[in-house]
Amino acid sequence: MQVADQTIVISDLEVDAIAAAFRNARLTNTALTCFPGRIPSVVAESYDIQRAAIASWPDAICGWKVGRILGDLVNVHGADRLIGPIFRKSLQISKGDVCVSFSAIDGGFCAIEPEIVFKLAADAPTSGDHIDAAQAVKLVDNVFVGIEIAGSPLATINELGPCVVVSDFGNNAGLILGPSLTNWRGRLGTIEASTWIDGQLVGTGTDAAFPGGVIQSLVFALNQTAQMGLPIKAGALVSTGAISGVHEIVAGQFASCTFGSDITMKVHCSPARQGKSQ
């Protein structure tokens, strides 16, 4: 695989300034009109920004989201996935038919993504050899369905590409955790998810569409976090990527996601209160 030159060109001061801009915008629910600095040219720079923002974020990490890098950008960045942190205060639990509410920054980006979520039974290795699929599965305690809330104060985050997505917490704004999957080992690779917004079907897909399956998303998260010096701990969650697509949503809309014929999750998007610190 041909990978772009990985020379780091953004200074430490720029890293800190970009991280602070995203962090402050999120904490005050204030939209950004443009990327707050020079856009990184390689994802290594973006993960530096992400680490800097994590270091001063006023909450603990409870998991990680995995997103996709598509098309020619896979060769450009040398990876087909990316990650971002999920923080404890942004985690919600879906129970039965109860509709779970989440908020969107006015003028920012917000979307819902039905996903498969792994929970770890043990700490991931902190260093050493690359973790493979067999090793990753041994770390799994349970498997759930869930809805990732993709969100950012920057409306154009996805349009600007993976380096920008990684820079702002991987475009994550929370996770709504649904029920566990019975017989998950037998069901992975066969799960169909569909998403409706205000009663209209907006996407359908299966977890078989992921390169290497959702297990490979877990593998990527384990290895990338170890490389960042933030290895995943026992009890943490890994949300593995959008099954039916990335579905933009705005305040006031209702949505539901189905997983197979037996699980439905309902959500409502509300406006975030500007100036409110988390």
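Taking CE of M228 as the start and CD1 of I54 as the end, the distance is 5.0 Å to the nearest 0.5 Å. Rounding to the nearest 0.5 Å gives a distance of 14.5 Å between CG of L32 and CZ of F109. One distance of note links OG1 of T182 with CD1 of I263; it measures 7.5 Å at 0.5 Å rounding. Summarising the geometry, atom SG belonging to C99 is positioned 10.5 Å from atom CE belonging to M265; distances are rounded to the nearest 0.5 Å. Here the CD atom belonging to Q135 is positioned 11.5 Å from the CG atom belonging to L218, to the nearest 0.5 angstrom. With rounding to the nearest 0.5 angstrom, the CZ atom of R26 is 9.0 Å from the OG atom of S90.
For the pair D123 and A234, the tightest heavy-atom approach, listed with the atom from each and the gap, is OD1-N, 2.8 Å. Among all heavy-atom pairs drawn from F210 and S217, the shortest one is CD2-OG, 4.4 Å. When every heavy atom of A208 is checked against every heavy atom of G189, the shortest pair comes out as CB-O, 3.3 Å. R23 and S56 make their closest contact through NH1-OG, 2.7 Å (heavy atoms, listed as atom of the first residue, atom of the second, distance). Taking all atoms of both residues into account, the shortest heavy-atom contact from K65 to N171 is NZ-O, 4.0 Å.
With a 4.5 Å cut-off on side-chain heavy atoms, I149 and N172 do not count as touching. Residues F144 and S94 form no side-chain contact, since every pair of their non-hydrogen atoms from C-beta on lies 4.5 Å or further apart. Residues F118 and L139 fail the side-chain proximity criterion, which asks for heavy atoms closer than 4.5 Å. By the 4.5 Å heavy-atom criterion applied to side chains, C163 and H77 are counted as neighbours. No side-chain heavy atom of W57 sits less than 4.5 Å from a side-chain heavy atom of P85. When side chains are defined from C-beta on, V140 counts as touching W184, because their heavy atoms get closer than 4.5 Å. Residues E45 and E14 are not in side-chain contact: their nearest non-hydrogen atoms beyond the backbone lie 4.5 Å or more apart. Taking 4.5 Å as the limit, every side-chain heavy atom of C257 sits out of range of all side-chain heavy atoms of S244.
Panel note: side chain N142, backbone K119; no donor-acceptor pair is recorded below 3.5 Å. Panel note: side chain D207, backbone I191; a donor-acceptor pair is recorded below 3.5 Å. Under the 3.5 Å distance criterion, the side-chain polar atoms of E148 are left unmatched by any main-chain donor or acceptor of E113. When atom types are taken as modelled, the side chain of T240 and the backbone of I116 share a donor-acceptor pair closer than 3.5 angstrom. With hydrogens and angles ignored, the 3.5 Å screen pairs no side-chain donor or acceptor of D141 with any backbone N or O of L120. Distance alone, capped at 3.5 Å, is enough to place a donor-acceptor pair between the D59 side chain and the K89 backbone. Checking side-chain atoms of N29 against main-chain N and O of I105 turns up no donor-acceptor pair under 3.5 Å.
Crowding of D262 atom CG: a count of heavy atoms from other residues, nucleotides or ligands under 6.0 Å exceeding 12. Other residues, nucleotides and ligands contribute more than 12 heavy atoms inside 6.0 Å of the CG atom of N183. Around the CG atom of D106, the shell of radius 6.0 Å holds no more than 12 heavy atoms that belong to other residues, nucleotides or ligands.
Hydrophobic clustering keeps V246 apart from W196 (ILVMFWY residues linked when any side-chain heavy atoms are closer than 4.5 Å, directly or through intermediates).
With 3.5 Å as the limit, one finds a donor-acceptor pair spanning the side chains of E115 and S239.
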